[in-house]
Amino acid sequence: MIEVSNISKQVTTTEGTLSILQQINLSLAAGESLAIVGPSGSGKSTLLGILAGLDLPSSGSVSLNGQDITAMDEEGRAAVRAETVGFVFQSFHLLPGLTALENVALPLELQGDKDALQTAAYYLGRVGLEQRTSHYPRQLSGGEQQRVAVARAFACRPTILFADEPTGNLDTGTGEKINDLLFDLNKEEGTTLVLVTHEHNLAARCGQRMVLAAGQQVTEGSAA
């Protein structure tokens with residue numbers, strides 16, 4: 001499902017070349033889960049962006065669902081993302097002028113789904129927001145907004161879901177509920193889950209864990 005071979009990332013600064021990632025390797029099968037952990041500045045979010053095709057490595061390759069996205073142009077990578085990838089971010093990225101139902105339905109409508117509203121309503125029910133479909137983001141708590149974001153991600157039925165600190169803006173209790181929801185849907189939908197987190201308890205729930213330090217892969221393997 002995800003195959004990463006020797007990817008590195010460097011950027012040029014006024015002080016010279018800065019190495020962000022060095023020789024990262026990864027293999028993740030369909031339906032598995034991976035936590036990317038490490039201190040701030042270790043390259044976690046950069047790696048997630050490269051895995052999702054939002055950024056390109058300086059060297060190496062990334063294959064999603066058998067397609068080498070590093071060999072594609074932006075249009076090609078965008079097409080793979082639309083077909084394969086879902087996102088949940090720390091900031092919920094909801095459109096303030098749309099209701100919860102409309103926020104979830106929008107990407108489906110952009111894909112030409114004639115049943116977008118029905119599908120959106122179904123997934124809002126799955127995350128426990130069937131009574132909040134007509135509410136706007138400003139009328140929802142942080143936890144409820146993140147539930148909308150989770151519903152939106154899963155409604156597109158991605159084969160791979162990337163989550164970047166999905167509970168970073170939430171209190172502990174609410175965050176645990178969102179984490180439960182992510183793993184429940186991961187299991188039920190058979191979605192491959194890749195998440196960046198500072199939370200060791202959350203990382204321990206994943207089948208694999210990758211630890212980054214200063215852009216280098218320290219360990220990879222079972223989180224048990």
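Keep in mind that the numbers below use all heavy atoms, side chains included, and drop hydrogens, waters and symmetry copies.
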> Are a donor atom and an acceptor atom from the side chains of Glu199 and Thr167 found within less than 3.5 Å of each other?
Replying inline: yes

> Quick one: do the Gln23 and Gln217 side chains pair a donor with an acceptor below 3.5 Å?
Replying inline: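 Side chains of Gln23 and Gln217: no pair found under 3.5 Å.
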
>> Here's a test for you: under side-chain contact (heavy atoms from CB on, under 4.5 Å), which of Val37, Asn25, Leu47 qualifies with Met210?
In response: Leu47

Working to the nearest 0.5 Å, report the span between [atom1] of [X] and [atom2] of [Y].
X	Y	atom1	atom2	result
Glu3	Leu26	CD	CG	7.5 Å
Ile24	Lys9	CD1	NZ	13.5 Å
Leu48	Asp164	CG	CG	5.5 Å
Asn186	Glu32	CG	CD	10.0 Å
His198	Ser40	NE2	OG	3.5 Å
Leu34	Thr192	CG	OG1	10.5 Å

> With side chains defined as the heavy atoms from C-beta onward, is the minimum distance between Glu83 and Thr159 less than 4.5 Å?
Replying inline: no

What I want to find out is whether [X] reaches [Y] closely enough, with some N-O distance under 4.0 Å, to be called a salt bridge.
X	Y	value
Glu144	Arg147	no
Arg81	Glu74	yes
Lys177	Asp171	no

Counting N and O atoms only, with roles assigned by atom type, does the side chain of [X] sit under 3.5 Å from a partner on the main chain of [Y], one being a donor and the other an acceptor?
X	Y	answer
Asp68	Ser63	no
Lys44	Pro39	yes
Thr174	Leu170	no
Gln146	Gly143	no
Glu102	Thr99	yes
Arg77	Leu56	no

> Looking only at heavy atoms, which two atoms of Ser33 and Cys206 are closest? And how far apart?
Replying inline: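 Smallest heavy-atom distance, with atoms named: OG-CA, 3.3 Å.
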
> What heavy-atom pair brings His135 and Gln131 nearest, and what distance separates the two atoms?
Replying inline: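 Of all heavy-atom pairs spanning His135 and Gln131, the closest is CE1-O, 3.8 Å.
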
> Going by side-chain heavy atoms closer than 4.5 Å, which hydrophobic residues are tied to Leu95, directly or by a chain of links?
Replying inline: Leu98, Leu106, Leu110

>> For the CG atom on Asn201, are there more than 12 heavy atoms of other groups (residues, nucleotides or ligands in this structure) within a distance under 6.0 Å?
In response: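 For Asn201, atom CG is not crowded (no more than 12 foreign heavy atoms under 6.0 Å).
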
>> Determine whether Val11 and Thr17 satisfy the following criterion, side-chain contact (heavy atoms from CB on, under 4.5 Å), listing intermediate values before the conclusion.
In response: CA-CA 6 Å; Val11 295; Thr17 300; over 6 Å; no

> side-chain contact (heavy atoms from CB on, under 4.5 Å) between Leu161 and Leu185: does it pass, once the steps are laid out?
Replying inline: CA-CA 10 Å; Leu161 180 67; Leu185 289 173; over 6 Å; no

> Run the side-chain contact (heavy atoms from CB on, under 4.5 Å) check on Leu21 and Ile50 step by step: do they pass?
Replying inline: CA-CA 10 Å; Leu21 294 171; Ile50 291 174; 3.9 Å; yes

>> Under the criterion side-chain contact (heavy atoms from CB on, under 4.5 Å), I'd like the reasoning laid out for Phe183 against Leu193: C-alpha separation, chi angles, the key distance, then a yes or no.
In response: CA-CA 8 Å; Phe183 281 96; Leu193 177 63; 4.0 Å; yes

> What is the ring orientation for Phe89 with His93, classed by angle as parallel under 30°, tilted 30 to 60°, or perpendicular over 60°?
Replying inline: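 Geometry flag for His93 against Phe89: perpendicular rings.
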
